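Side-chain atoms are counted along with the backbone in the values below, which use heavy atoms only and exclude waters and symmetry mates. Reminder, nothing fancy here: chain letters follow the sequence lines and each chain counts from 1. Owing to the predicted nature of the structure, the values given are computational and were not obtained by experimental measurement.
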Protein chains: 2
Amino acid sequence: MEEEKRTVRAVERALDVLLCFTSGHEWGLTEIAGRIGLHKSTVHRLLATLEDRGFVTRNMDTDKYRLGLSVLELSANLSRSDDPSVVLLPEMERLRDQLSETVSLYVRDRSERVRIQAVQSTQAIRRVATVGARLPLSVGASSKVLLAFAESGVRGFIMADPAWPSQLDRIAFVKQLDEISAAGYATSFEEREPGAAAVSAPIFNRSGKLVAALSVSGPSNRLTPDRMHEHAPAIIEAAHRMGTILG
Amino acid sequence: MEEEKRTVRAVERALDVLLCFTSGHEWGLTEIAGRIGLHKSTVHRLLATLEDRGFVTRNMDTDKYRLGLSVLELSANLSRSDDPSVVLLPEMERLRDQLSETVSLYVRDRSERVRIQAVQSTQAIRRVATVGARLPLSVGASSKVLLAFAESGVRGFIMADPAWPSQLDRIAFVKQLDEISAAGYATSFEEREPGAAAVSAPIFNRSGKLVAALSVSGPSNRLTPDRMHEHAPAIIEAAHRMGTILG
DNA sequence: TCCATTGTTTCACCCTATGAAACCCTGTTA
DNA sequence: TAACAGGGTTTCATAGGGTGAAACAATGGA
């Protein structure tokens with residue numbers, strides 16, 4: 001049963017240390033050690049290495065660690081001209097101007113989804129979406145899109161994951177996915193966050209493979225269920241246009 | 001003479017692999033191995049580990065590696081409310097609108113400087129500055145600012161670095177730094193890049209410590225030496241205002 | 001078909017990452 | 001002032017695991 005691991009333990013641990021900084025911004029050595037369950041001295045050595053290469057720096061006032069400039073340097077090279085999050089930005093802005101609500105772009109990464117791009121509504125009351133956020137695949141309009149239109153097999157694979165919420169009614173959920181698959185879009189109303197609602201449509205590339213979910217989200221008193229269904233055609237069309245932009 | 005290293009070799013190597021992606025965006029395994037001088041199988045294991053944690057993914061068409069979404073996730077947490085690159089952005093935009101040229105913000109990182117923020121000029125012919133770029137400390141207006149106003153000791157420390165260009169006339173350079181220190185700002189004219197010029201002024205925090213260099217750059221036919229000296233007071237004032245914003 | 005190139009896997013060796021414990025600091029309490 | 005607590009740092013023997021040579025597989029030109 002043992003899956004052979006072809007990875008390097010010390011590196012895994014160092015990367016786990018780095019990933020601590022995805023929540024919260026400053027950590028002490030002991031905090032990190034406690035969080036990933038390693039010895040102080042081990043974490044100390046890993047942090048020294050990360051610091052040497054500029055992936056973390058320490059706040060000399062508090063003596064705590066924070067992300068370093070190498071991360072900035074890397075992220076600058078993350079966005080490439082063939083990257084959906086760059087290519088599709090103008091279309092996202094156009095949709096934002098059309099509907100006056102925040103527009104986000106999600107991709108699936110294993111058993112989660114990641115918001116790879118976002119343009120904010122300009123209204124006083126608006127949904128604020130941060131780029132890079134990692135969210136569960138079990139709730140939210142874009143989650144349902146990413147599952148409903150995924151290649152055959154992944155739906156079952158994801159829902160078999162031990163991390164999948166067991167209290168969720170599977171039968172009803174699958175039924176919902178099939179409905180979404182037929183309708184061509186998904187909605188969510190105060191599903192993940194109270195007071196928020198969203199409509200989402202799939203983006204397919206030229207060969208018909210799902211690459212991302214386009215999502216429009218806002219306060220639930222503006223994005224009522226009726227209003228969301230009114231918006232749906234515009235969103236689907238934008239998603240279709242985006243698909244043709246991609247290779 | 002041997003400086004005791006308290007770092008983890010495997011992690012160092014893995015981070016070096018990651019740092020390959022700061023230049024160029026896609027790399028094959030063998031390319032990377034050649035570049036850092038490691039064995040194919042070693043790099044293979046490191047890449048497998050990085051991939052497992054989402055720091056790299058592979059383009060399934062070309063089989064080459066590229067940066068993964070974990071980097072995006074980290075970079076989202078880089079920018080904090082107490083981060084100069086966020087807090088000073090509005091002031092930078094104001095200065096850009098005032099002078100109609102590209103405005104950049106640099107900090108020193110060891111023996112280099114890093115552009116941590118930039119707002120682009122809107123003119124047709126303009127300097128384009130990418131955030132995250134890492135540049136030498138030996139040329140450019142902001143380099144000279146970062147050295148001239150640094151705490152005592154760092155100037156000598158940097159110039160003693162083996163990476164410091166030996167062909168540079170040290171006497172003349174130090175004299176220039178002293179002049180800059182007296183004038184309160186620095187200029188460069190086609191110094192690092194032909195056709196480009198820049199003016200730069202220091203930003204100090206409340207306790208008088210140098211935190212960054214504010215730099216205005218553009219094409220050398222617009223930013224003539226005369227014009228640069230005309231602009232200097234506005235830049236110095238903006239830098240001063242920014243200093244008061246910081247803790 | 002053959003060759004060239006790249007990614008993958010195996011395996012024995014010995015380097016090196018590990019964690020317990022001791023140590024050093026700085027600030028706080030009695 | 002001493003005693004304490006809480007962090008970060010250093011040391012060191014041990015064995016666990018990272019390493020690289022070499023063999024292997026999978027491509028895709030020529």
Rounded to the nearest Å, what distance is computed from the [atom1] atom of residue [X] to the [atom2] atom of nucleotide [N]?
| X | N | atom1 | atom2 | value |
| --- | --- | --- | --- | --- |
| A/Leu47 | D/dT9 | CG | C1' | 13 Å |
| B/His39 | D/dA23 | NE2 | P | 12 Å |
| A/Ile32 | D/dT9 | CD1 | P | 12 Å |
| B/Leu29 | D/dT27 | CG | C1' | 15 Å |
| B/Lys64 | D/dG28 | NZ | P | 14 Å |
| A/Trp27 | D/dG7 | CH2 | P | 14 Å |

D/dT9, OP1 or OP2 - any side-chain N/O from A/Arg58 closer than 4.0 Å? yes
Does B/His44 put a side-chain nitrogen or oxygen below 4.0 Å from OP1 or OP2 of C/dG7? no
Is [Y] paired with [X] through a side-chain N to carboxylate O contact shorter than 4.0 Å?
| X | Y | result |
| --- | --- | --- |
| B/Arg110 | B/Asp161 | no |
| A/Arg35 | A/Asp16 | no |
| B/Glu237 | B/Arg241 | yes |

Report yes if a donor N or O on one partner sits less than 3.5 Å from an acceptor N or O on the other, where the partners are the side chain of [X] and the base of [N]; otherwise report no.
| X | N | value |
| --- | --- | --- |
| B/Arg45 | D/dG17 | no |
| A/Thr30 | D/dG7 | no |
| B/Lys40 | D/dG20 | no |

In terms of the nearest nucleotide of DNA chain D, which residue is placed more toward the 5' end: B/Ala10 or A/Tyr65? A/Tyr65
Where the side chain of [X] is concerned, which of [options] is the nearest nucleotide?
| X | options | result |
| --- | --- | --- |
| A/Thr42 | C/dA22, C/dT18, D/dT10 | C/dT18 |
| B/Arg13 | D/dG20, C/dT18, C/dT16 | D/dG20 |
| A/Arg9 | D/dA21, C/dT18, D/dT19 | C/dT18 |
| A/Asp63 | C/dT8, D/dG8, C/dA17 | D/dG8 |
| A/Ser41 | C/dG19, D/dG18, C/dT8 | C/dG19 |

Side-chain heavy atoms of A/Glu12 within contact of B/Asp52, under 4.5 Å: yes
So that I know where these two stand, are A/Trp164 and A/Phe173 an aromatic pair - ring centroids less than 6.0 Å apart? yes
